[in-house]
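So the structure is just underneath, and the comments pick up after that.
Note that the structure is predicted; figures quoted are calculated from it, not measured. Chain letters run A, B, ... following the sequence lines, proteins first, then strands; residues in each count from 1.
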2 protein chains.
Amino acid sequence: MTFNKELVVRLLRYKNALLKLKNLGVLKVFSDNIADTAGVTASQVRKDFSLLKIAGNKRGGYQIKELLEDITDIVGPTSGESIIVVGCGNIGRALINYKGFHSETFEMIAGFDISPETVSGSLTCPVYGMDKLEEFLLGKNIKVAIISVPDNVAAEVYDKLVKLGVKGFLNFARVNLREIDGVFVNNVNLELSIENLFYYINFMEKGTSI
Amino acid sequence: MTFNKELVVRLLRYKNALLKLKNLGVLKVFSDNIADTAGVTASQVRKDFSLLKIAGNKRGGYQIKELLEDITDIVGPTSGESIIVVGCGNIGRALINYKGFHSETFEMIAGFDISPETVSGSLTCPVYGMDKLEEFLLGKNIKVAIISVPDNVAAEVYDKLVKLGVKGFLNFARVNLREIDGVFVNNVNLELSIENLFYYINFMEKGTSI
DNA sequence: TAGATTGTTAATCGATTAACAATC
DNA sequence: TAGATTGTTAATCGATTAACAATC
């Protein structure tokens, strides 16, 4: 079977949707429930499960517990992982305290900054100097890091982290970090995202037909 | 009218590619050149231009200057726009002060929060109560808003903003805001982005595929 | 059983690519 | 002209959706 990025994204959506339902006390779901919660069609949910050989019960739907286990088996377990954030400016500090980054699957454990003594506010994890990065990472098997340093040093920081064995990056700097072999980069370009919205809106308002 | 997000994204890629070529002193390009620079196929470039009624010269290619004007005409100029952020928690406050949101093309002009008096820190724009939202937006033609409220009220806030005429959204809440006709939503699901990275890393290490 | 939902196949939709006539 | 490139149509590809038989 070919590797389908969109399918992976949907699978994680299902997982999150199921966790939410589970937290509400729901034990059993139908494809329709998952579809609604994840924002796709019921057909697609069943089709995806079919491709992945995930079986439910005809008429009985799916047991959330089993379904979550099946999905977790496929995407691989991600629990007890740790992440760090490099660059503790406005965004970096907000990310440190971001609730979603202190979850079952992964935990934000440290921030790094060029001048940690100036990083203000009460934070949910310690902030160290950039010079402590190597020492900190050694033996810790940190797979994922967030880059929220100024644009002009992002590439340099990226290279350093790759050398130290980090495999996945969430990049907030407005530069395109090139994915190299075995390394994955998700670029979060907030400025571009906003600009794109303006373009979509303008494009639509002009009524340019396609 | 159909609206194709991917097409707009490609259009912006062409624009960037053309600007790069222009800066190199290139005056005339063929669909092949654009394709190479933008990372798509020549067929697609010509097909896109055909759909957008952008004409070149048979055998003569495209004049970069004219082409850039045509594309800019289509996506529309974006300058002097204003945006707001609704929800001034960690993320919201960081976004208010985010330098990229005080640019030539658009400016962050206000934040809104359910309890504005508790929003701390020195911010680069004022923060108002949610009850001031309607009054503030009336007559201001704010096209884009950032949603960074708690997950459980995101949908409600979204509906309200849509009713008040906002057309584009950058959504940081971990809920799927459905795009309705004429409204665009860019979901920034940070948690999912990180989980995705772990999956890709697991995938690579295990060599499994789906 | 009667009713409801899965699982899969077929139909549909849309986007990309290929091909090539038009034409400069 | 001869050659090269556009512009458009047709073919292909893949993903999504619809339909419904299987079945609990």
Check against side chain to side chain contact (heavy atoms under 4.5 Å, CB included), B/Leu170 and B/Val144: CA-CA 8 Å; B/Leu170 194 64; B/Val144 170; 5.8 Å; no
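Only B/Arg46, B/Lys47, listed by number, bring a heavy atom of residues 35-48 of chain B to less than 4.0 angstrom from any atom of DNA chain D.
One distance of note links CD1 of A/Ile84 with CD1 of A/Ile142; it measures 6.0 Å at 0.5 Å rounding. Taken from CG in A/Leu24 to NZ in A/Lys20, the straight-line distance is 10.0 Å, to the nearest 0.5 Å.
For the pair A/Phe30 CZ and C/dG7 C1', the computed distance is 15 Å after rounding to whole Å. When rounded to the nearest whole Å, the span between CD1 of A/Ile54 and P of C/dG7 equals 10 Å. Straight-line distance from the CG atom of A/Leu67 to the P atom of C/dT6: 11 Å, rounded to whole Å. Summarising the geometry, the separation between NZ on A/Lys58 and P on C/dT5 is reported as 14 Å, rounded to the nearest angstrom. Atoms CG (B/Leu51) and P (D/dT6) sit 16 Å apart, rounded to a whole Å. A straight line from CD of A/Gln63 to C1' of D/dC24 spans 14 Å, rounded to a whole angstrom. Taking atom CG of residue B/Asn33 and atom P of nucleotide D/dA4, one finds them 15 Å apart after rounding to whole Å. Atom CG of B/Leu52 is separated from atom P of D/dT6 by 16 Å (rounded to the nearest Å).
Phosphate proximity of D/dG7 to B/Tyr62: present, with a side-chain N or O under 4.0 Å from OP1 or OP2. Taking only side-chain nitrogens and oxygens, A/Arg10 comes nearer than 4.0 Å to OP1 or OP2 of D/dT16.
In this structure, B/Asp48 contributes its side chain and B/Val45 its backbone to no donor-acceptor pair below 3.5 Å. With hydrogens and angles ignored, the 3.5 Å screen pairs a side-chain donor or acceptor of B/Asn186 with a backbone N or O of A/Ser193. The closest donor-acceptor contact from the side chain of B/Ser50 to the backbone of B/Arg46 lies at 3.5 Å or more, if one exists at all.
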Pair assignment for DNA chain D - dot-bracket with | for other-strand partners, Watson-Crick or G-U under 3.5 Å: ..||||||||||||||||||||||
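In summary, the aromatic rings of A/Tyr158 and A/Phe169 are positioned with their centroids under 6.0 Å apart. B/Tyr128 and B/Phe136 have their aromatic ring centers within a separation under 6.0 angstrom.
Using cut-offs of 30° and 60° on the angle between ring planes, the pair B/Phe106 and B/Phe101 is tilted.
When each of A/Glu6 and A/Asn57 is assigned the nucleotide of DNA chain D with its nearest heavy atom, A/Glu6 is the one assigned upstream, toward the 5' end. Comparing B/Arg59 and B/Asp32 along DNA chain D, the residue whose closest nucleotide (by nearest heavy atom) sits nearer the 5' end is B/Arg59.
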